[in-house]
Each structure stands twice: as C-alpha cells, then as structure tokens.
Amino acid sequence: MDEKTFMTPEGYQRTKERLDYLKTEKRQEVANKIAEARSYGDLSENSEYEVARDEQASVEAEIFELENKLKSAEIIDPKKVNTNKVGIGCNVTITNMKTNATVEYKIVGDTDSDPLNGLISNASPIGAGLMGKKVGDITTIKTPAGMVQFKITKIK
C-alpha cells in the first residue's frame, strides 16, 4: 500500500483508540454472541448465529481497514503547514463567484473529514479542486449543484 493516509494528530489518536476498542472489547463481545448462539443448537437454522457471524466479519473488516490507515498514516504537523498555497492542514476561505457566498474550510485527510463542521477531505471534489491553488486563483469545481467557480480569498 503506497498511498498515504493524511491525518491530524487528533485523527491518528481517534483511529488508534477505535482500533484498540475493536480489537479488545468489541471482538470479545462478538465472540460471546457467537458462543451464546452456538449453544442454541442447530446452526443451519440459527439466525442469531448468522447475525453474530456477520457482525464478526464487519468488525474484522474495520480492524483491517484501520490497521492499514495507521500503517500508511502521514501525520500533518500544523506548525509546518505551508500557507502559500492550499494544502492539507490549511484553512482556506473561498467565495462562490456566482452567489458571492463566502465559506471557510480546513483541508484534512479522509480520516478527519467532517464537512458539516467545515473539515473537508483533500480527496473530496471541493478539497481536490482547491489543492495547490493560491490566494486570488479562481477554480471551477464540479459540485452536486453543477460546475461552480470559486475564488480563493484567504489561506491560513
């Protein structure tokens, strides 16, 4: 896996805590459910057993995903963020050229993404469209509302 997963220190910590929870508490909880369902007898018609096995598969898949994210993690140091152009860790203010509406986003990696709180992923349409741009640049980005032109008004 060559692709880096960009994370803030907080995002890395949250991911690590989630992984620890899944590997200890959640795995044990699911194992107990499977053991209990097995005690009901015939597994071929045991819906509790099937549900518990599906939950186990889901937990193991999430563990695998989180382990890979942590292995490929690149922690973004907020003190070292270059604000000459838009990049991960930057706060960027953009203005919609048609409506004149202004919005500020912080560009983060996928793990830290929380669009409702102004944290957008560098891989999202708007995040990707802003990457590498400088103050004063105008960029056209495909959004759910169609093609929209934005002007970068501030990077900090």
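This chain uses plain numbering: 1 for the first residue, then up along the sequence.
- Residues Thr5 and Lys69 come closest through the heavy atom pair CB-O, 3.8 Å.
- Taking all atoms of both residues into account, the shortest heavy-atom contact from Ser113 to Ser121 is OG-N, 3.7 Å.
- Note that the NZ atom of Lys133 and the CD1 atom of Ile141 stand 7.5 Å from one another [nearest 0.5 Å].
- Under the 3.5 Å distance criterion, with hydrogens and angles disregarded, no donor-acceptor pair is assigned to the side chains of Gln56 and Glu60.
- Side-chain contact between Leu22 and Arg27 is absent, with no heavy-atom pair separated by less than 4.5 Å.
- Interatomic distance, Ser47 OG to Asp54 CG, rounded to the nearest 0.5 Å: 11.0 Å.
- Distance check, rounded to the nearest 0.5 Å: CD1 of Ile155 to OG1 of Thr83 gives 7.0 Å.
- The shortest side-chain heavy-atom distance between Ile76 and Met7 does not fall under the 4.5 Å cut-off.
- When atom types are taken as modelled, the side chain of Ser72 and the backbone of Asn68 share a donor-acceptor pair closer than 3.5 angstrom.
- Hydrophobic clustering (ILVMFWY, side-chain heavy atoms < 4.5 Å, transitive): Ile120 and Ile94 are in one cluster.
- Put simply, OH on Tyr21 and CD1 on Ile63 are 10.5 Å apart, with the number rounded to the nearest 0.5 Å.
- In this structure the side chain of Thr153 never reaches within 4.5 angstrom of the side chain of Val135, judged on heavy atoms.
- Between Lys33 and Glu29 a salt bridge is recorded (basic side-chain N to carboxylate O distance below 4.0 Å).
- Contact check on Lys26 versus Glu55 returns a salt bridge, with a Lys/Arg side-chain nitrogen under 4.0 Å from an Asp/Glu carboxylate oxygen.
- Once rounded to the nearest 0.5 Å, the distance linking OG1 of Thr15 with CG of Leu66 reads 6.5 Å.
- Leu70 and Val59 fall within the same hydrophobic cluster, defined by Ile, Leu, Val, Met, Phe, Trp and Tyr side-chain heavy atoms under 4.5 Å apart, directly or through other members.
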Stepwise, does the side-chain hydrogen bond (donor to acceptor under 3.5 Å, both in side chains) test hold for Thr95 with Thr102?
-> CA-CA 4 Å; Thr95 301; Thr102 298; 3.2 Å; yes

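- Heavy atoms only, all atoms of each residue included: Asn82 and Cys90 are closest at O-SG, 3.3 Å.
- With side-chain heavy atoms closer than 4.5 Å counting as contact, directly or through intermediates, the hydrophobic cluster containing Leu119 also holds Val108.
- Using a 4.5 Å heavy-atom cutoff, the side chains of Lys154 and Glu104 are not in contact.
- Looking at Lys16, Arg18, Glu17 one by one, the single match for side chain to side chain contact (heavy atoms under 4.5 Å, CB included) with Asp20 turns out to be Lys16.
- Of all heavy-atom pairs spanning Ala52 and Ile34, the tightest one is CB-CG1, 3.6 Å.
- For the pair Val92/Lys106, no side-chain contact is recorded, criterion being any heavy-atom separation below 4.5 Å from C-beta on.
- The number of heavy-atom neighbours closer than 6.0 Å to NZ of Lys151, taken from other residues, nucleotides and ligands shown, is 12 or below.
- Residues Val148 and Phe150 meet the side-chain proximity criterion, which asks for heavy atoms closer than 4.5 Å.
- Thr139 has its side chain out of reach of Gln149: every pair of non-hydrogen atoms, C-beta onward, lies at least 4.5 Å apart.
- Taking hydrophobic clusters as Ile, Leu, Val, Met, Phe, Trp and Tyr residues chained together by side-chain heavy-atom distances below 4.5 Å, Val103 shares a cluster with Leu130.
- In this structure, Lys85 NZ and Asp137 CG are separated by 11.0 Å, a value rounded to the nearest 0.5 Å.
- Inter-residue side-chain proximity for Thr99 and Asn96 is flagged as met; some heavy-atom pair is nearer than 4.5 Å.
- Between Glu67 and Lys71, none of the side-chain N atoms (NZ, or NE/NH1/NH2) sits under 4.0 Å from a carboxylate O, so this pair counts as no salt bridge.
- Formation of a donor-acceptor pair under 3.5 Å by the Asn46 side chain with backbone atoms of Tyr40 is not found in this model.
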